[in-house]
Amino acid sequence: MQEKTKHTKDCLVIEGAREHNLKNVSVTIPRNSLTVITGLSGSGKSSLAFDTIYAEGQRRYIETFSAYARQFLGAMERPDVDKITGLSPVVSIEQKTTNKNPRSTVGTITEIYDFLRLLYAKIGEAYSYETGEKMVKYTSDKIIELIYEKYNGAKIYLLAPLIKGRKGHYQELFEQYRRKGFLYARVDGVITELTFGLKLDRYKNHTIELVVDKFKISDKEDLRIRQSMETAMKIGKGIIMICEMETEKIGYFSKKLMCPTTGLSYNEPAPHSFSFNSPQGACPHCDGLGIVDEIDLDKIVPDQKLSIKKGAIKPLGAYKSTLIFCKLEAILSKFGYAIDTPFNELSEDCKRAILNGSQEMFSFVTAPQGVNANFFMGFEGIISLLEKQMEFQDDDKKNDLFISKVVCPVCNGQRLKKESLYFRITDKNIAEVSNLNIEQFYEWVCNLPKHLSRQQFLVGQEIIKEIKTRTEFLLSVGLTYLSLNRSSQTLSGGESQRIRLATQIGSKLVNVLYILDEPSIGLHQRDNVKLIKSLQQLRDAGNSVIVVEHDEDMIRAADYVIDFGPGAGRKGGEIVAKGTQEELLTQSSLTVDYLTGARKIEIPAKRRKGNGKNLSLIGATGNNLKNASVTIPLGTFTCITGVSGSGKSTLINQTLHPILNKHFFRAKAEPLPYKKIQGLENINKVIEIDQSPLGRTPRSNPVTYTNIFSDIRKLFETLPEAKMRGYKTGRFSFNVKGGRCEACKGAGVKVIEMNFLPDVYVTCDECNGKRYNRETQEIRFKGKSISDILDMTINQGVEFFENIKTIYDKLKTLQDVGLGYLKLGQPSNTLSGGEAQRVKLASELSKKDTGNTMYILDEPTTGLHFQDINILLGVLQKLVEKGNTVVVIEHNLDVIKVSDYLIDMGPEGGEHGGTVLAQGTPEQIAKTKGSYTGEFLKKML
């Protein structure tokens, strides 16, 4: 008995889990070990890891809050499980897409930037932005000592600066100090007596200093000097000026940071002075974003060959008899042109007057109706009119047609205000340091102590230590190529997850249960080793780690493996194999078959040569690409490979795809810079199939996205009972009034909005999640109502509709891409990225195609088991067989080895990447020296 309690004490025990498709699963997971949960997609892995273990951990945590706090959080549903014991506090690091806030960066997520701000505030050295000299600051005693040293024997004025280069007559200011007993001021360099009623020219800039005292400096210290200096400091807000009577030379002294030549002063630096999210640090022009919206001339006049009459100025369109066109005609006539002169034939002065405005007098050629004047004064210009319109529009409704995002001209994209950028450590300001990639940044931090003074080192050593350890964790998860100022909007799911992993390793917690969702996504085999080491580091620190993962290396590195199956959806939800590595290989399951080599993804007997036509992209230089040129043979299955950060996404998603999109669909997104593209005539459209969600709300689902639902509604409309009642297709839609349940407006769930927390969805109590009212549900086809059909899985749907060809064909493609386990009406917000991508793929497959399409996929194997990858490859090969071209960005070797053509980027990530290492068949790449992909391929082939 003693032995048994000791054993369960070291384990996490789950009994009777029935969440989603789990079939009364009981399992014991050893603590302080690395456990991998694997199995087919949709077999119940996440249901156990996230919806049972994590949900219960979170619920128990919230139970510890006071009743008062809990009322704001709402009751958390207890997962459907009999008993969980041995549960530690749970931290989940999910694949959920990153923070899309433009203010969030790698530095702010990992908190390294917060420590960096502290370091700059404590030991940064200030320089003047006017002269570039080092700023100085003194104590009162030091200032007096310097005055005696510098001005010994000289007669001086002691001045307090009041106004510097501002317009105004300043009558009240002079009167205020005259009443306080001051006799003189230095106005624009001239000592002036403060007489009653003194005032200056209000339209000129003035500089005013108050004369606080005048004396001759002698050897012995004088109390009067000290008292006058304190008064001057008070009036001058921490700055005093000394003016020698004979030479009129000026000197500045301050208790604040100050430029010794010009008297420019900065406030004391604090961490918020270096934050682009705080008004104290952010650039005032772009509010700390580094980019601003600007009217783009090329978008206002896209075709200069047109005349204004034909609509050269796009925001105005073709000629109408309105006031603005009459004004334009008058301007043109003044410069000697007609309204039908092509825009490119107008003089620069004329174009300037039209676009930027002019204050001259113009006379109408045709006076508009209702205007009896023959003249009008000035025209404000098309750009100014558009800018005014922009001011009154909400950010999300802004007229994007004529706007381009440009780097902020004030801070040059560095996000901070001028003063903050003139604080330096080892000659670098904080923005320059944030621009270094993590590898260079780590080197800078390591070398820092050598360049610091003793005082700086004593103050900064603890901060430097903290920055160093946090940076080491980023390096250990293979993110060497990112920089601290990289916006989190541009990170892939895998990158953001690994950043959060690094942050967790950095927090050095113990006795915690970490649950991760496929952390190896987007990682090259080479970096996978680093990731596994990081997870083992977490485990060795005394934590339990559970990873939901399909990656072979990860499964082989686990201390304990749980394999779900045997199928997906309804056919899954059971544990088919579990145990340590040795125990696992003696059991039988799909995963074990792939691990032992009993099943494998076959290498094709011969590689396709393509249809003889090519698409060539020449001289791409965006982000880290170094003049990259690639040729994609059309009619092939082409893979783009390379380590993380080597420029694959920049080349395909940010350069090639926008070029094609602009060419075929006139898309707005601008491609990154490139020299030229050849072979566009050989394809007729481009389709990108990415992992973004199908829809953000529970109203969107696989059948609405693929248009199967309209066919099902038409079928219901033709049923005799529906005809008798006069129901049309709209009656069977859950998005319009009539047939839907009005309590939940057809969503099946009600949204409870939580302040500060994500919204919570609860099942509607009127229709019990059926979405429709009673009358609509009375119409049945083969005994099933419309809501019963939405509740079927795709596999059931294929059998149910086998005689109705239109519906059957589309459902069959969903089944073919391995999504048979999904319900027809499964809300899109519950689908994983990989599932959403396969729904889009199925939707494309069911369309009639021309056979000249280019499909672009970014890591389609995300979230896929070996068996699912096999099915997916079958689908992609089908597309290629019809004559299409499939371009896939991929790290998975099973996909790489079956492709016809490879383009390998590298050799490293970030700065050291961006070069095309090799192009050719997998066999050719395997022979390429210096290619990491080649090394791993060699073993596979």
Side-chain angles (χ1 to χ4, degrees), residues 11-30 33-54 79-84 515-518 520 544-601 793-796 815 817-823 832 834-835 838 861-872 894:
C11 294
L12 165 62
V13 182
I14 297 137
E15 290 177 15
R18 291 176 294 277
E19 199 60 40
H20 297 320
N21 63 343
L22 296 179
K23 297 184 182 141
N24 212 11
V25 167
S26 299
V27 66
T28 302
I29 298 174
S33 66
L34 173 59
T35 303
V36 166
I37 301 180
T38 185
L40 290 171
S41 311
S43 60
K45 307 179 298 294
S46 300
S47 302
L48 178 69
F50 291 99
D51 303 331
T52 306
I53 301 174
Y54 175 62
D80 191 357
V81 58
D82 294 340
K83 179 175 157 196
I84 297 184
I515 303 182
L516 289 95
D517 187 7
E518 295 197 59
S520 71
S544 311
V545 183
I546 293 178
V547 186
V548 176
E549 186 58 276
H550 298 288
D551 182 74
E552 187 175 336
D553 296 345
M554 185 72 82
I555 297 173
R556 291 192 188 277
D559 305 318
Y560 197 79
V561 180
I562 299 169
D563 185 18
F564 272 87
R570 275 187 322 147
K571 295 181 180 165
E574 298 170 39
I575 292 178
V576 288
K578 63 178 181 198
T580 57
Q581 294 293 331
E582 294 76 38
E583 293 164 5
L584 187 72
L585 297 177
T586 59
Q587 302 170 43
S588 77
S589 77
L590 269 176
T591 309
V592 176
D593 285 353
Y594 277 100
L595 288 175
T596 55
R599 285 173 185 249
K600 56 175 185 278
I601 294 174
T793 62
I794 288 168
N795 287 337
Q796 291 168 313
Q815 189 183 37
V817 293
L819 292 175
Y821 58 91
L822 290 184
K823 287 189 173 167
S832 68
E835 286 168 338
R838 296 206 302 286
T861 59
T862 300
L864 296 194
H865 183 264
F866 305 110
Q867 180 65 17
D868 299 304
I869 292 176
N870 219 342
I871 295 171
L872 176 75
D894 286 324

Within the structure provided, determine whether [X] and [Y] are in side-chain contact (heavy-atom separation under 4.5 Å).
X    : Y    : value
V25  : T52  : no
L864 : R838 : yes
T28  : K578 : no
E19  : V81  : no
H865 : T38  : yes
L12  : T35  : no

Distance, nearest 0.5 Å, that separates [atom1] of [X] from [atom2] of [Y]:
X    : Y    : atom1 : atom2 : value
I37  : I53  : CD1   : CD1   : 5.5 Å
H550 : T591 : NE2   : OG1   : 9.0 Å
S46  : F564 : OG    : CZ    : 10.0 Å
I562 : I29  : CD1   : CD1   : 4.0 Å
K571 : K23  : NZ    : NZ    : 10.0 Å
I575 : K45  : CD1   : NZ    : 13.0 Å

Donor-acceptor contact below 3.5 Å, side chain N21 vs main chain G42: yes
Q581 side-chain N/O to R556 backbone N/O, donor-acceptor pair under 3.5 Å: yes
Ionic contact status for D82 with R18, cut-off 4.0 Å: yes
Least distance between heavy atoms, [X] atom then [Y] atom:
X    : Y    : result
D563 : S589 : OD2-OG, 2.5 Å
L48  : A17  : CD1-CB, 4.5 Å
A568 : L40  : N-CD1, 4.3 Å
F50  : D517 : CZ-CB, 3.6 Å
P30  : C11  : CA-SG, 4.1 Å

Distance-only polar pair, side chains of S520 and E549, donor-acceptor under 3.5 Å: yes
Between side-chain atoms of residues 592-599 and protein atoms elsewhere (two or more places apart, or another chain), which donor-acceptor pairs fall under 3.5 Å?
residue: D593; atom: OD2; partner: R599; partner atom: NE; Å: 3.4
residue: Y594; atom: OH; partner: Q867; partner atom: OE1; Å: 2.8
residue: Y594; atom: OH; partner: N870; partner atom: ND2; Å: 3.2
residue: T596; atom: OG1; partner: V592; partner atom: O; Å: 3.0
residue: T596; atom: OG1; partner: D593; partner atom: O; Å: 3.2

More than 12 heavy atoms from other groups under 6.0 Å of NZ on K600: no
side-chain contact (heavy atoms from CB on, under 4.5 Å) assessment of D894 paired with F866: CA-CA 9 Å; D894 286 324; F866 305 110; 4.2 Å; yes
